[in-house]
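This one's a predicted model, so the numbers in the text were calculated from it and none came from an experiment. Order of the sequence lines sets the chain letters (A, B, ...), proteins ahead of strands, with each chain counted from 1.
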Amino acid sequence: MSLLSEKQKNSSPSIPDEWFSPLNKQKQDAEKLTRPSLSYWKDAWQRLVKNKLAMTGLLFLVFLAIMAVFGPILSPHSVTDINLPNQNQLPSSTHWFGTDELGRDVFTRTWYGARISLFVALMAALIDFTIGIIYGGISGYKGGKTDNMMMRIVEILYGLPYLLVVIMLLVVMGPSLTTIIIALSVTGWVGMARIVRGQVLQLKNLEFVLASKSFGTKTIRIIRKNLLPNTMGPIIVQMTLTIPSAIFAEAFLSFLGLGIQAPFASWGVMANDALGTILSGHWWRLFFPAFFISATMFAFNVLGDGLQDALDPKLRE
Amino acid sequence: MLQYIVKRFLMMIITLLIIVTLTFILMHSVPGSPFNEERGTNATIQANLEAHYHLDEPLYVQYFIYLKSIVTFDFGPSIKQPTSSVNDLLSRGFPISLELGLVSITVAIISGILLGIIAALRHNGMIDYIAMTIAVLGISIPNFILATQLIQTFAVYFKILPAATWSSPMHMILPTLALATGPMAIIARLTRSSMLEVLTQDYIKMAKAKGLSPVKIVFKHALKNALMPVVTILGTLLAGILTGTFVLEQIFAIPGMGKYFVESINTRDYPVIMGTTVFYSAFLILMLFLVDVVYGLLDPRIKLHTKEGES
């Protein structure tokens, strides 16, 4: 710059010196990027961190996961240890959450229940995710008649009353951990498939997919590498919202007597067992499972809301 | 519009047929015959019994007999309560369940919409924040958990409301509250977000410019459009309320359909389980159908039969 102005000065002496002003150094850097460029995920993460409620939910879930793994080890009592003289004791230093009508430690059982509830919910969500992505991806990408057929099937399944079908399946298959997960997944994937399909339908006509196609990329690879990564936002949100409904369904089924069988416990089973003693004032037996079911669902719901805001900037306005 | 209704009606019939078929297959995949356990039956009596219930016919014949009985609204006898048929249980329990369900959904709709409107009008204010926290809480707390805590608080601790049964308006408060909170929260969130969207539209600015009172703007102009999304999820909410009655009737000892249903699950009374499932499914699917049709009629912006891609 200085060279140029020197030259200008020399070549055109008619311009007086005071017309020239020194370059403002600060303005020189105005176009420079001061922050490192953020990827989509880093940006979403930063926005999520700012959302206090969602972060509280996330922290609670991390805590819950840790306790589900290590909680039962922390306590000297086992899940199924029956100790009749100690029945229905108030929370104390030996039994932190009290005991139930068979003298079993409610603290240990609560964390054991966390294991089962979280396992069922995560497995159900994972199966929904897998089937939903494959089904929705193919349906959305193929389009036309295939799409029409596949969506008719989805529409019919969507019309089936979810919990009634699950109850019926469980009555026939017999309640166990595996059958609960199967029953929850039979109609659970439909919502995910609809979302994936809608997203793929929007994305598949964009230029980058066309470019990929013109290179001769195979369909499966286009779906996997081009389309799915771009639909991840809504998919993750859908998953965080599927998990609480699976937790609810598991607790609900246990409550109906179609859940995990004794002597093992899930939160729903514990709440159901405690219901009989509700009038005798053993509040702790109902309170702990009830609190953890609700708190977990709350945490997943606020995290899901937070993720939705973070992953979809368009929605925020 | 007519084309859409016809299409939707056919879908409904197909869904119903699938439910009926599914129950039939499931009922027949349960091992054993219903008469195996009965003592004092010899082969002749067994054969007679099987003939009476058409169990000796080939499966496809049984299927059509079953279809016919469903269409004529005959769900057969209860195994565990020989004196009453499934129809008896339905006619005894369903009106009570319906009452509980209707009261709850009415409470949920009215309070949910009001909460949503208030939150939208005080957007990003303290009231909005509180209302939406209540709403997320309402969605997160399962109705049967809420029910138990309500009993513990109001019936056991404060002793101001009865803990169970269904005989006076006082008895109705707790079950209704437990059942209505979840749907109320969902409606409140939905109303709030669609209200916020509607309030930015030109015709609302126009109404403001004309100097209409806020009450009139909200209830006469904004609400009509803001409620459209609420109508769409009414079907799903009804399903939730319906399944909610199963456990709540159990918890509050309300002699409704759900109580028989849960009892039949626990005693493995298959005809009652299958009969009530079919009945409930039919009821729900019919409701979903009606909601869709009403939605199509309400919103003139939607020409449903021309819309193919979205569904």
Side-chain angles (χ1 to χ4, degrees), chain A residues 53 57 143 147-148 151-152 154-173 194 198 201 241 244 247-249 251-253 255-258 267-268 271-272 274-275 278-281 283 286-287 289-291 293-302 305 315, chain B residues 11-12 14-16 18-19 22-23 25-27 29-30 132-133 136-137 139-149 151-152 155-157 163 189 235-236 239-240 242-244 246-247 250-251 261-262 264-266 268 270 273-274 276-278 280-281 283-285 288-289 308-311:
Chain A
L53 203 58
D147 180 42
N148 218 338
M151 279 302 117
R152 284 289 161 279
V154 160
E155 249 171 69
I156 289 171
L157 281 176
Y158 203 72
L160 297 179
Y162 175 67
L163 272 174
L164 279 172
V165 174
V166 172
I167 288 172
M168 218 160 54
L169 285 172
L170 278 179
V171 166
V172 174
M173 293 193 296
R194 279 163 69 118
L201 217 55
L241 298 175
I247 291 179
F248 170 78
F252 181 89
L253 293 170
F255 211 82
L256 289 182
L258 287 171
W267 290 333
N272 191 20
L275 191 63
I278 194 169
L279 295 175
S280 49
W283 57 268
L286 191 59
F287 175 77
F291 171 78
I293 294 175
S294 311
T296 309
M297 284 181 63
F298 183 74
F300 272 113
N301 278 328
V302 291
D305 283 355
L315 259 177
Chain B
M11 288 288 290
M12 181 178 83
I14 293 173
T15 316
L16 273 176
I18 287 177
I19 294 251
L22 200 68
T23 51
I25 293 170
L26 289 175
M27 197 170 8
S29 61
V30 178
M132 283 308 109
T133 310
V136 184
L137 272 175
I139 292 172
S140 302
I141 301 176
N143 45 30
F144 54 94
I145 296 290
L146 187 64
T148 55
Q149 298 304 325
I151 294 178
Q152 198 131 57
V156 180
Y157 192 76
R189 275 162 62 110
T236 328
L242 214 77
T243 38
F246 299 168
V247 269
Q250 191 75 1
I251 293 172
F261 185 61
V262 175
S264 71
I265 289 174
N266 288 328
R268 300 291 190 270
Y270 293 106
I273 299 177
M274 302 302 171
T276 37
T277 309
V278 169
Y280 266 132
S281 309
F283 181 73
L284 265 183
I285 290 165
L288 283 176
F289 170 70
E308 261 302 302
E310 292 291 307
S311 54

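- Looking at F289(B), there are no atoms closer than 4.5 Å to chain A (heavy atoms on both sides), in backbone or side chain.
- Separation of atoms CD1 (I293(A)) and CZ (F144(B)) is listed at 5.0 Å; rounding is to 0.5 Å.
- Of the two parts of A295(A), neither the backbone nor the side chain holds a non-hydrogen atom closer than 4.5 Å to a non-hydrogen atom of chain B.
- What you find for I139(B) and M297(A) is that their closest heavy atoms are O-CE, 3.9 Å.
- Looking at A271(A), only its side chain comes within 4.5 Å of chain B, counting heavy atoms on both sides.
- Of the listed residues (G143(A), A299(A), S294(A), G268(A)), the greatest number of heavy-atom pairs within a distance under 4.5 Å of chain B belongs to S294(A).
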>> As a quick check of understanding, evaluate side chain to side chain contact (heavy atoms under 4.5 Å, CB included) for F248(A) and N143(B), giving each step before the final call.
In response: CA-CA 10 Å; F248(A) 170 78; N143(B) 45 30; 4.2 Å; yes
>> If you apply the rule side chain to side chain contact (heavy atoms under 4.5 Å, CB included), what do you find for I167(A) with F246(B), and how did you get there?
In response: CA-CA 11 Å; I167(A) 288 172; F246(B) 299 168; 4.2 Å; yes
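- Proximity to chain A is limited to the side chain of I14(B), based on heavy atoms less than 4.5 angstrom apart.
- The structure places CG of L164(A) at 8.0 Å from OG1 of T276(B), a figure rounded to the nearest 0.5 Å.
- Residue contact with chain A, scored on non-hydrogen atoms closer than 4.5 Å, involves the backbone and the side chain of T23(B) alike.
- Contact annotation for L137(B): both backbone and side-chain heavy atoms come within less than 4.5 Å of a heavy atom of chain A.
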> After noting the C-alpha distance and the side-chain angles of L286(A) and Q149(B), does the key distance pass the side chain to side chain contact (heavy atoms under 4.5 Å, CB included) rule?
Replying inline: CA-CA 8 Å; L286(A) 191 59; Q149(B) 298 304 325; 3.8 Å; yes
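- What you find for V136(B) and F298(A) is that their closest heavy atoms are CG1-CE1, 3.6 Å.
- Annotation: side chain of R189(B) is in contact with side chain of D305(A) (closest heavy-atom distance under 4.5 Å).
- Neither the backbone nor the side chain of L170(A) has a heavy atom closer than 4.5 Å to any heavy atom of chain B.
- Residue F252(A) touches chain B through both its backbone and its side chain, counting heavy-atom pairs closer than 4.5 Å.
- Note on I273(B), L146(B), I145(B): by heavy-atom pairs under 4.5 Å with chain A, the leading option is I145(B).
- Interatomic distance, N272(A) CG to T148(B) OG1, rounded to the nearest 0.5 Å: 10.5 Å.
- Contact annotation for I247(A): neither backbone nor side-chain heavy atoms come within less than 4.5 Å of a heavy atom of chain B.
- With respect to chain A, the highest number of heavy-atom pairs below 4.5 Å among V262(B), L22(B), V247(B) belongs to V247(B).
- Of the atoms belonging to M12(B), not a single heavy atom falls under 4.5 Å from chain A.
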